[in-house]
Amino acid sequence: MTDAVLGGTGTALINILLLAILFVVAIAIARLRSLFAIVILSGVYSLVSAAWYILVDAVDVGFTEAAVGAGMSTAVLLGAMLLTARTAKPEKPFSRLGPFIVCLAVGVMLIYATIDLPALGDPSSPANSGVGLTYLQVNWYDTGVPNVVTSVLASYRSFDTLGEVAVVFAAGLAVALLLGFGERSLAETLRRNPKPETRPPSAPRDRDAT
Amino acid sequence: MKGDHHMILRVIAKCLIPLILIYAFYVQFHGEVGAGGAFQAGVVVAVALILHSLVFGLTATMRAVPPWFTRGLAAVGVLVYAGVGVWAMLNGGAYLEFQALFREPPGGHAGQHAGIIIIELGVLFAVSGSMSTIFFALAGRVAEIRDEDW
């Protein structure tokens, strides 16, 4: 009993701490003008929310958030940042009043909606009592795969996953068709500098060795 | 090498990239028993590639893993996934019905395991290939990322 209460208090404290970090990072992202800092801070935001997902037992979601949000999208945003200016333009005061009101209204609506949400791990919630329970019961006989997430994703809902893979492929194809395959830089470097070992003259290594 | 102030970065990246790739394959092949799966593994593979290009330069990465390879990999991944469905249909089942892969009765699991492993390989190829293609397309617009550009 004491252990459960202590564990609950500890989890609640960690929850509050992680959500406070998320809040501070979000405010910092909104106020900063340097795009580099914003990209890195959005990676921090993803990592902290991944830790929070793991705290609420959503391990798969947390892992995906860490890999995609913190790793992949940070790197892609860094690459995209190089194509544009390094800092965002400063804005006039009160120019963001409209978006602020919209955010406030959506936030109030979301908080109002959380009142109807079932408690965390509630066995009688719709997600746990309907088809989810059926999957847990028939999965071992049907597929023999220990991880129900995998068997639902790959076997029961294989069509969905095929669609997701097609979406990922289409996204890559669309970016490549819009921006080129990136071979321009390789061709340019090769033309300027046929030897593979040396670096192109545009990138001297010791220019800002501070 | 005179003036190479990124030496620590390079050495650490050389140590880390194989570990990242091993972890990606661990996630890939333990998707049946643990957290994660082929989507995450594909992204981790792409992240290893991106780390290589951030530290060693995009040209070095493009020599190691050419852009035609990554975009071909993405297409092959989708084809592998869709091909498993056709395989099931050739054996008399519905599209993507893994039970029909080896014409097993209900309760037989060999087709389920084989089907899941093959489509997860397809997902790994498609996701890592697409992500690398996106990164090459974005990063390949500038000839080389200079230090002062950060």
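The figures that follow rest on heavy atoms only: side chains count, while hydrogens, waters and symmetry mates do not. Chain identifiers are assigned alphabetically (A, B, ...) following the order of the sequence lines, protein sequences preceding nucleic acid strands; residue numbering begins at 1 within each chain.
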Worksheet entry | Nearest atoms (heavy-atom pairs only) where Gly144(A) meets His113(B) | O-CE1, 3.4 Å

Worksheet, complete the sentence: Closest heavy-atom pair, Ala154(A) versus Phe98(B), reported as atoms and distance to 0.1 Å, is O-CE1, 3.2 Å

Discussion item. Quick check on Val27(B) against chain A: is it the side chain, the backbone, both or neither that has a heavy atom closer than 4.5 Å?
Written reply: side chain

Worksheet item: Under a 4.5 Å cut-off applied to non-hydrogen side-chain atoms, are Val145(A) and Ile116(B) in contact?
Response: yes

Item to complete: Could you check if a side-chain atom of Val165(A) sits within less than 4.5 angstrom of a side-chain atom of Val127(B), using non-hydrogen atoms only?
Response: no

Worksheet item: To the nearest 0.5 Å, how far apart are CZ in Phe39(B) and CG in Asp60(A)?
Response: 12.0 Å

Fill in: Heavy-atom neighbours of Trp87(B) CH2 exceed 12 at 6.0 Å
yes

Practice prompt. Kindly give the heavy-atom pair with the smallest separation between Gly172(A) and Ile134(B), and that separation in Å.
Written response: CA-CG1, 3.6 Å

Worksheet item: Any side-chain heavy-atom pair from Phe63(A) and Val43(B) closer than 4.5 angstrom?
Response: no

Practice prompt. Starting from the C-alpha separation in whole Å, work towards a yes-or-no answer on side chain to side chain donor-acceptor pair (under 3.5 Å) for Ser158(A) and Tyr81(B).
Written response: CA-CA 9 Å; Ser158(A) 211; Tyr81(B) 197 131; 3.3 Å; yes

Worksheet item: Say you draw a straight line from CE of Met72(A) to OG of Ser132(B); how long is it, rounded to the nearest 0.5 Å?
Response: 6.5 Å

Worksheet item: For Ala176(A) and Ala137(B), which heavy atoms make the closest approach, and how far apart are they?
Response: CA-CB, 4.2 Å

Worksheet item: What part of Thr161(A) is in contact with chain B, defined as an atom under 4.5 angstrom from a non-hydrogen atom: side chain, backbone, both or neither?
Response: both

Worksheet item: What pair of heavy atoms forms the shortest contact from His109(B) to Asp142(A), and how long is it?
Response: CD2-O, 3.5 Å

Worksheet, complete the sentence: Residue from Leu162(A), Val76(A), Val59(A) scoring the most non-hydrogen pairs under 4.5 Å with chain B is Leu162(A)

Worksheet item: Heavy-atom count around Phe102(B) CZ within 6.0 Å, excluding the residue itself: above 12?
Response: yes

Worksheet item: Any idea which of Val47(B), Leu96(B), Ile50(B), Ile119(B) has the most non-hydrogen atom pairs under 4.5 angstrom with chain A?
Response: Leu96(B)

Worksheet entry | From Leu78(A), Leu77(A), Leu179(A), residue fulfilling side-chain contact (heavy atoms from CB on, under 4.5 Å) relative to Leu138(B) | Leu179(A)

Practice prompt. Check whether any side-chain heavy atom of Met131(B) sits under 4.5 Å from a side-chain heavy atom of Val168(A), and report yes or no.
Written response: yes

Discussion item. Quick check for you: to the nearest 0.5 Å, what is the distance between Arg71(B) atom CZ and Leu173(A) atom CG?
Written reply: 10.0 Å

Worksheet item: At a heavy-atom separation under 4.5 Å, does Val149(A) approach chain B through its side chain, its backbone, both, or neither?
Response: neither

Worksheet, complete the sentence: Honestly, the part of Phe125(B) sitting under 4.5 Å from a heavy atom of chain A is neither

Discussion item. Just so I know, are the side chains of Glu120(B) and Thr150(A) near enough to count as touching, which here means a heavy-atom distance under 4.5 Å?
Written reply: yes

Worksheet item: Counting heavy-atom pairs under 4.5 Å to chain B, which of Val148(A), Thr143(A), Val175(A), Thr74(A) comes out on top?
Response: Thr143(A)

Fill in: Contact class of Ala38(B) relative to chain A, heavy atoms under 4.5 angstrom
neither

